[in-house]
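These notes are about the structure you will find just below.
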Number of protein chains: 2
Amino acid sequence: MEKQSATQIFESLSSGVRLDVFRLLVKQGLDGMVAGEIASTLEVPPTNLSFHLKALTQAHLVTVEQEGRFQRYRANIPLMLDLIAYLTDECCAGHPEQCADLRGASSCCESVLPPISIVHDQA
Amino acid sequence: MEKQSATQIFESLSSGVRLDVFRLLVKQGLDGMVAGEIASTLEVPPTNLSFHLKALTQAHLVTVEQEGRFQRYRANIPLMLDLIAYLTDECCAGHPEQCADLRGASSCCESVLPPISIVHDQA
DNA sequence: GCAATAATACAACTATTGTTGAAATATTAA
DNA sequence: TTAATATTTCAACAATAGTTGTATTATTGC
C-alpha cells in the first residue's frame, strides 16, 4: 500500500461520523446499507452524511452501487485488511519476542465462529 | 476502546509525517528513537516534528521517556492492536464466509520468524 | 557558572475540513 | 407526465489543523 492511500484512509476514519458509518457497514458485511438507512440509523442529516460518505468512498474504504433510486454502500473489508498489514509491517524487526503482544489482538465473526487469534505459522 | 480514542488515533495517523514517524518507531520496537534521530532520519524540521510527536503522544500511540537531555519515543504496539481489534469488531456478523478474506492479511516480524496468518481457532 | 545542545512552546499565518440549508439530479409510482 | 422520494452538489460560514521562525526550558560538558 502506498503512503498516500494509507493517510487518506486514516483521515477517512478520523471523524466520529465516518468511523460510525464504517463500523456499521463492517457489521452489515455484504448486505451493506443504503444512504437513507445509514442516515436514520446514525441520526445524521442526509447532507452531512453524503459529505462523509464521499470521503469514505474517495478513500475506497466503502464502495457504492446504484440500486434504483437508492445508493447502497458497503465496507471494503479487504482494503481494511491491507491497511492493517501496512501498519504492522516490519513490526518489532529484530526483536521477535515483542510479537507475543500480537496474539489475540484481532477479532472477527466472534459471535458466529470460534474466536480467531493471530499466530505464527509453524515452519 | 472508546470511539473518541479511536478517532484521535486515526487522526494521528492521517498525516504523512506522523505516519512515517509511527512506522519508523514500530520498526525500532522497544529501542525507540530520540527526537533528533527521528528528525534527521525523516528530514523534518525539529519544530515541525515536535508538533507531530505531540499529536502522536496525546493519542497515546507513542510513548515518551526522558533520557538526559533527549526524549526517547517508542511506538505503543498494544494500543495499535487494540485499535485493529476495534476496527474489525463484529465484522461480517452473520456472514462468516466473508471472513476468509482475513487470512494472511496481517504480518509481523516476517523477516525474523515464519510468516504469521490470522486463523480461526479450532473449538 | 557558562556555553552548547536537545527539544518544546508560542505566535502568526496559511490551508484544510466540517456543517447546514437551499437547489439540483435522477428514479419510481400513480 | 407529474408528484414524490433518495441522494448529491453547491455556497457560505465556522472551526480546526499545519508550518515556520523565534523564544524558552532543561540538561550536559567544560
Side-chain angles (χ1 to χ4, degrees), chain A residues 3-25 28 31-76, chain B residues 3-25 28 31-76:
Chain A
K3 181 169 87 175
Q4 199 191 331
S5 303
T7 55
Q8 191 178 14
I9 296 168
F10 286 127
E11 158 64 28
S12 78
L13 293 170
S14 70
S15 113
V17 173
R18 291 194 296 266
L19 184 56
D20 283 344
V21 169
F22 181 71
R23 277 163 49 86
L24 180 59
L25 291 175
Q28 299 303 312
D31 293 342
M33 285 177 88
V34 301
E37 285 180 296
I38 300 171
S40 57
T41 301
L42 300 179
E43 295 180 27
V44 175
T47 304
N48 191 15
L49 179 68
S50 187
F51 169 82
H52 290 298
L53 283 171
K54 188 178 177 186
L56 285 163
T57 305
Q58 284 177 344
H60 302 106
L61 202 50
V62 307
T63 61
V64 61
E65 184 187 11
Q66 184 145 9
E67 200 176 284
R69 73 180 116 171
F70 303 89
Q71 300 287 326
R72 183 164 297 273
Y73 287 91
R74 294 185 179 86
N76 184 348
Chain B
K3 182 169 85 174
Q4 199 190 332
S5 303
T7 56
Q8 190 178 16
I9 295 169
F10 286 126
E11 155 64 28
S12 78
L13 292 171
S14 71
S15 113
V17 173
R18 291 195 294 266
L19 185 55
D20 284 342
V21 169
F22 182 69
R23 276 164 48 87
L24 181 59
L25 291 176
Q28 298 303 312
D31 292 342
M33 284 177 89
V34 301
E37 284 181 298
I38 300 171
S40 57
T41 300
L42 300 179
E43 296 180 29
V44 176
T47 305
N48 191 13
L49 179 67
S50 189
F51 170 81
H52 290 298
L53 282 171
K54 188 178 175 185
L56 285 163
T57 305
Q58 284 177 346
H60 301 108
L61 202 50
V62 306
T63 61
V64 59
E65 182 187 13
Q66 183 145 8
E67 199 176 283
R69 73 178 116 173
F70 303 89
Q71 301 285 326
R72 183 164 296 272
Y73 286 90
R74 294 185 179 87
N76 184 348

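A note on names: the letters A, B, ... follow the listed sequences, proteins ahead of strands, and every chain is numbered from 1. The analysis underlying the following values was restricted to heavy atoms, covering all of them including side chains, and did not include hydrogens, waters or symmetry mates. Fair warning: this is a prediction, and the values are worked out from it, not measured in the lab.
- Remark: T41(B) OG1 to M33(B) CE distance equals 3.5 Å, nearest 0.5 Å.
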Step by step, would you call I38(B) with L25(B) a side chain to side chain contact (heavy atoms under 4.5 Å, CB included)?
CA-CA 9 Å; I38(B) 300 171; L25(B) 291 176; 4.1 Å; yes
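- Heavy atoms from other residues, nucleotides or ligands lying under 6.0 Å from CD of E67(A) number more than 12.
- Atom CG of L13(B) is separated from atom C1' of dA17(D) by 16 Å (rounded to the nearest Å).
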Sort me out a list of protein N/O and nucleotides 15-18 of chain C N/O pairs below 3.5 Å, or just none if empty.
unit_1	atom_1	unit_2	atom_2	d
dG18(C)	OP1	R18(A)	NH1	3.3
dG18(C)	OP1	R18(A)	NH2	3.2
dG18(C)	OP2	R18(A)	NH1	3.3

Verify salt bridge (charged side-chain N to carboxylate O under 4.0 Å, His left out) between E65(B) and R72(B), making sure each step is shown before the conclusion.
CA-CA 5 Å; E65(B) 182 187 13; R72(B) 183 164 296 272; over 6 Å; no
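- Contact between the side-chain N/O atoms of Q66(A) and the OP1/OP2 oxygens of dT27(C) is found at a separation under 4.0 Å.
- With distances taken from any side-chain atom of R69(B) to the nucleotides dA9(C), dT8(C), dT5(C), the minimum falls on dT5(C).
- For the pair K54(A) NZ and dA6(D) C1', the computed distance is 17 Å after rounding to whole Å.
- Look at CD on E67(B): it is 15 Å from C1' on dA26(D), rounded to the nearest Å.
- Counting any heavy atom pair closer than 4.0 Å across all strands shown, V34(A) reaches sugar-phosphate atoms only and no base atom.
- Interatomic distance, CZ of R18(B) versus CZ of F51(B), reported as 6.5 Å (0.5 Å rounding).
- The side chain of Y73(A) lies closest to dT7(D), out of dT7(D), dT27(D), dT8(C).
- Residues A35(A) and L53(A) come closest through the heavy atom pair CB-CD1, 4.2 Å.
- Rounded to an integer number of Å, the gap from CZ of F70(B) to C1' of dT8(C) is 15 Å.
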Between protein and nucleic acid, restricted to nucleotides 21-25 of chain D and to nitrogen or oxygen atoms under 3.5 Å apart, what atom pairs and distances do you find?
unit_1	atom_1	unit_2	atom_2	d
dT22(D)	O4	T47(B)	OG1	3.4

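- The side-chain heavy atoms of V62(B) and R74(B), taken from C-beta on, include no pair separated by under 4.5 Å.
- In this structure, Q71(A) places its CD atom 9 Å from P of dT27(C), rounding to the nearest Å.
- Rounded to an integer number of Å, the gap from CD of E65(B) to C1' of dA7(C) is 16 Å.
- Of all heavy-atom pairs spanning S12(A) and L61(A), the tightest one is OG-CD2, 3.5 Å.
- Taken from CZ in F22(A) to OH in Y73(A), the straight-line distance is 15.0 Å, to the nearest 0.5 Å.
- Separating the CG atom of L49(B) from the C1' atom of dA9(C) is a distance of 15 Å, rounded to the nearest angstrom.
- dT9(D) atom P lies 11 Å from atom CG of L53(A), rounded to whole Å.
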